[in-house]
A.B. asks: 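The structure is given below, and queries will be raised subsequently.
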There are 2 protein chains.
Amino acid sequence: MKTDCHNCPLRKLDLFDPMSKDEVHFMSKFKTGEFVAQPGTEILAEGASSSQLYTALDGMGLRFKTLENGSRQVVGFILPGDFIGLQSGVMGEMQHSVEATTRMTMCVFNRSELWDLFKYQPRRAFDLTHVAATEEYLLGEALAAVGQMDGYAKISWVLNRFFRRLTALGLNENDQVPLPYRQQDIADAMGLSLVHTNKTLAKLREDGVATWANDTLTVHRPKMLAENAFERGTRLRTRPLI
Amino acid sequence: MKTDCHNCPLRKLDLFDPMSKDEVHFMSKFKTGEFVAQPGTEILAEGASSSQLYTALDGMGLRFKTLENGSRQVVGFILPGDFIGLQSGVMGEMQHSVEATTRMTMCVFNRSELWDLFKYQPRRAFDLTHVAATEEYLLGEALAAVGQMDGYAKISWVLNRFFRRLTALGLNENDQVPLPYRQQDIADAMGLSLVHTNKTLAKLREDGVATWANDTLTVHRPKMLAENAFERGTRLRTRPLI
DNA sequence: CGGCGCCTTGAAAAGAATCAAGTCTCGTGG
DNA sequence: CCACGAGACTTGATTCTTTTCAAGGCGCCG
């Protein structure tokens, strides 16, 4: 195991709630190892029951559902610190698939030990519920964007969200953040066609708002981007790290 | 308090997981009273931190977010058995508003006692997390429908969902279920305009699939409705009742 | 009886999907 | 070293779904 929980690089970020010594100790016992997924690998499959749960430590991925009619809905983007497998852990099986976009490193936990967490670490159990509620919140925001905004606002919304999340993770350098996804991924997330997504990105570029090229997103006018996305003045919301 | 947890009418349904004697006892202490909301009343407001949490006992309501541009996204429909206020309980404030559509009766819990649940009832805490994960699952399904389906499929999807949920609650009589919402609510849930929603409902009626009138949904061809909605052969999924 | 809320319907306008090429980059193999 | 091909990105033209606009109808309550 390369990364010991005691010097977890993620926990140091302001984005995540601090953890007590005891909690860190519990987590380091709870963590059974590390797992590296290569780009394009499926980490969890929709409908599958996994005996492992993960926390993304490094790299990026995405969550998606495949419909009967063949289309794909991206239900979330996985960035470092995100917990993977909650549904499998508490409901028995995943309701969406998870795939690695870049090379990903993940902390591995045994599902069978999840019960210990509830039994002996109520504080951590509460945090896990917090994580679940946060997921629900994020999905609600996404639903509102997909359901109510037009194309220009949708793309602004998703880029703004990436910009803010990645900035909180300390990955912002001169208003540039890494964004290794494909346009098709963003299209499938926002319920737009690839062509329309592409044209909308071009418009945002022409408008001098943001440029996304070479796996890098550059935001020239952060305020304008946030306005386009109807962002409310939301302060940084800290959350627990599992 | 009118309804004692010991003879809770909801718990008897197959839809909900059984509860141990001890758990029922804990819940009846956890429940501090009952609350009746009149139609149109706001039960919880987005951004507000409530000191009370609820479980819908009777009646129907809806969850929604209001965007800066004035539009409204319905993020969920509340039916008997649904837990209300999870986000407020664990994250400190609600991320969407909750409103009563019909007259609603709710079990009331004190947020301050939620911690006891985690500390002394790990099994119930697990169930609460299960509820949170279920919410996430339902939102994911809705996101896929709103993002990937066309109007006809979206309306089929939401009607089919109501039909199945209400049937599981024992409210199906001769393929008729109560549906006291307005067309605007369904439109705001599926990201369609009121006009288009209305025309699509007319089409489903003409096609002999389903008729929705007088707060009652009649499904003439359940199989066809399910097919239109791209429903996968999902068996009834039981869930915990809080 | 009047007004308000909700449902219904037709016509016009707009936004987004689809169709159809064409370009660029990068890794592979001749 | 260069031709080749796959995958991703661009762009224009056309089609069609969905929205917007506009108006009328129905039922219920004061």
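Residue numbers begin at 1 in each chain, while the letters A, B, ... track the order of the sequences.
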A.B. asks: Under 4.5 Å between any side-chain heavy atoms of B:Ile43 and B:Met106, yes or no?
C.D. replies: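 Yes, side chains in contact.
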
A.B. asks: Just how far, in rounded Å, is P of C:dC6 from CG of B:Asp185?
C.D. replies: 9 Å

A.B. asks: Please determine if a side-chain N or O atom of B:Gln183 lies less than 4.0 Å away from the OP1 or OP2 oxygen of C:dT8.
C.D. replies: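 For C:dT8, OP1/OP2 do have a side-chain N/O of B:Gln183 under 4.0 Å.
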
A.B. asks: Taking for each residue the nucleotide of DNA chain C bearing the nearest heavy atom, is the 5' side occupied by A:Asn214 or by A:Met149?
C.D. replies: A:Met149

A.B. asks: Going through the checks in order, is the salt bridge (Lys or Arg N to Asp or Glu O under 4.0 Å) test met by A:Lys65 and A:Asp188?
C.D. replies: CA-CA 10 Å; A:Lys65 296 174 78 78; A:Asp188 289 346; over 6 Å; no

A.B. asks: Write down the distance between CD1 (B:Ile155) and P (D:dT17), rounded to a whole number of angstrom.
C.D. replies: 16 Å

A.B. asks: Scan nucleotides 22-30 of chain D nucleotide by nucleotide, 5' to 3', and note B when protein non-hydrogen atoms come under 4.0 Å of the base, S if they reach only the sugar-phosphate, - if neither.
C.D. replies: ---------

A.B. asks: Rounding to a whole Å, what distance do you find between A:Lys203:NZ and D:dT10:P?
C.D. replies: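 For the pair A:Lys203 NZ and D:dT10 P, the rounded distance is 15 Å.
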
A.B. asks: Would you say the side-chain atoms of A:Glu99 and A:Thr41 include a donor-acceptor pair closer than 3.5 Å?
C.D. replies: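 Per modelled atom types, A:Glu99 and A:Thr41 side chains form no pair under 3.5 Å.
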
A.B. asks: Check the distance between D:dC9's P and A:Ile186's CD1 and give it to me in whole angstrom.
C.D. replies: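 Spelled out: CD1 on A:Ile186 to P on D:dC9 is 9 Å.
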
A.B. asks: Using a cut-off of strictly less than 4.0 Å, decide whether B:Asn198 has a side-chain nitrogen or oxygen near OP1 or OP2 of C:dT8.
C.D. replies: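 Yes, B:Asn198 has a side-chain N/O under 4.0 Å of OP1/OP2 on C:dT8.
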
A.B. asks: Whole angstroms only, please: what is the NE2-P distance between B:His196 and C:dC7?
C.D. replies: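 Checked: the NE2 to P distance equals 17 Å.
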
A.B. asks: Show every ring pair (Phe, Tyr, Trp, His ring centres under 6.0 Å) that has at least one partner inside residues 153-176 of chain A, sequence neighbours left out.
C.D. replies: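 Sorted result for residues 153-176 of chain A: A:Phe77-A:Phe162, A:Phe162-A:Tyr181.
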
A.B. asks: Between D:dG12 and A:Lys199, counting only base atoms on the nucleotide and side-chain atoms on the residue, is there a donor-acceptor pair under 3.5 Å?
C.D. replies: yes

A.B. asks: At 4.0 Å (heavy atoms only), tell me whether B:Gly40 reaches a base, stays on the sugar-phosphate, or touches nothing.
C.D. replies: nothing

A.B. asks: Show every salt bridge (Lys or Arg N to Asp or Glu O under 4.0 Å) that has at least one partner inside residues 202-227 of chain A, sequence neighbours left out.
C.D. replies: none

A.B. asks: Could you verify whether a donor N or O on one side chain and an acceptor N or O on the other, from B:Thr167 and B:Asn172, lie under 3.5 Å apart?
C.D. replies: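 Yes, because at least one side-chain N or O of B:Thr167 sits under 3.5 Å from a partner of the opposite role on B:Asn172.
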
A.B. asks: For the pair made of CG in A:Leu192 and P in D:dT17, what is the distance, rounded to whole Å?
C.D. replies: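 Atom-to-atom, A:Leu192 to D:dT17, this comes out as 18 Å.
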
A.B. asks: What integer distance in Å separates A:Leu194:CG from C:dA17:C1'?
C.D. replies: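 So the two atoms are 11 Å apart, to the nearest Å.
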
A.B. asks: Indicate whether the side chain of B:Gln95 and that of B:Gln87 have a donor and an acceptor atom separated by less than 3.5 Å.
C.D. replies: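 There is no such pair (donor and acceptor under 3.5 Å, judged by atom type) between the side chains of B:Gln95 and B:Gln87.
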
A.B. asks: Under 4.0 Å between a side-chain N/O of A:Arg205 and OP1 or OP2 of D:dT10, yes or no?
C.D. replies: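 So the side-chain polar atoms of A:Arg205 do come within 4.0 Å of the phosphate oxygens OP1 or OP2 of D:dT10, strictly under.
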
A.B. asks: Once you round it to whole Å, what is the distance between P of D:dA8 and CG of A:Leu201?
C.D. replies: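 Taking CG of A:Leu201 and P of D:dA8, I get 16 Å after rounding.
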
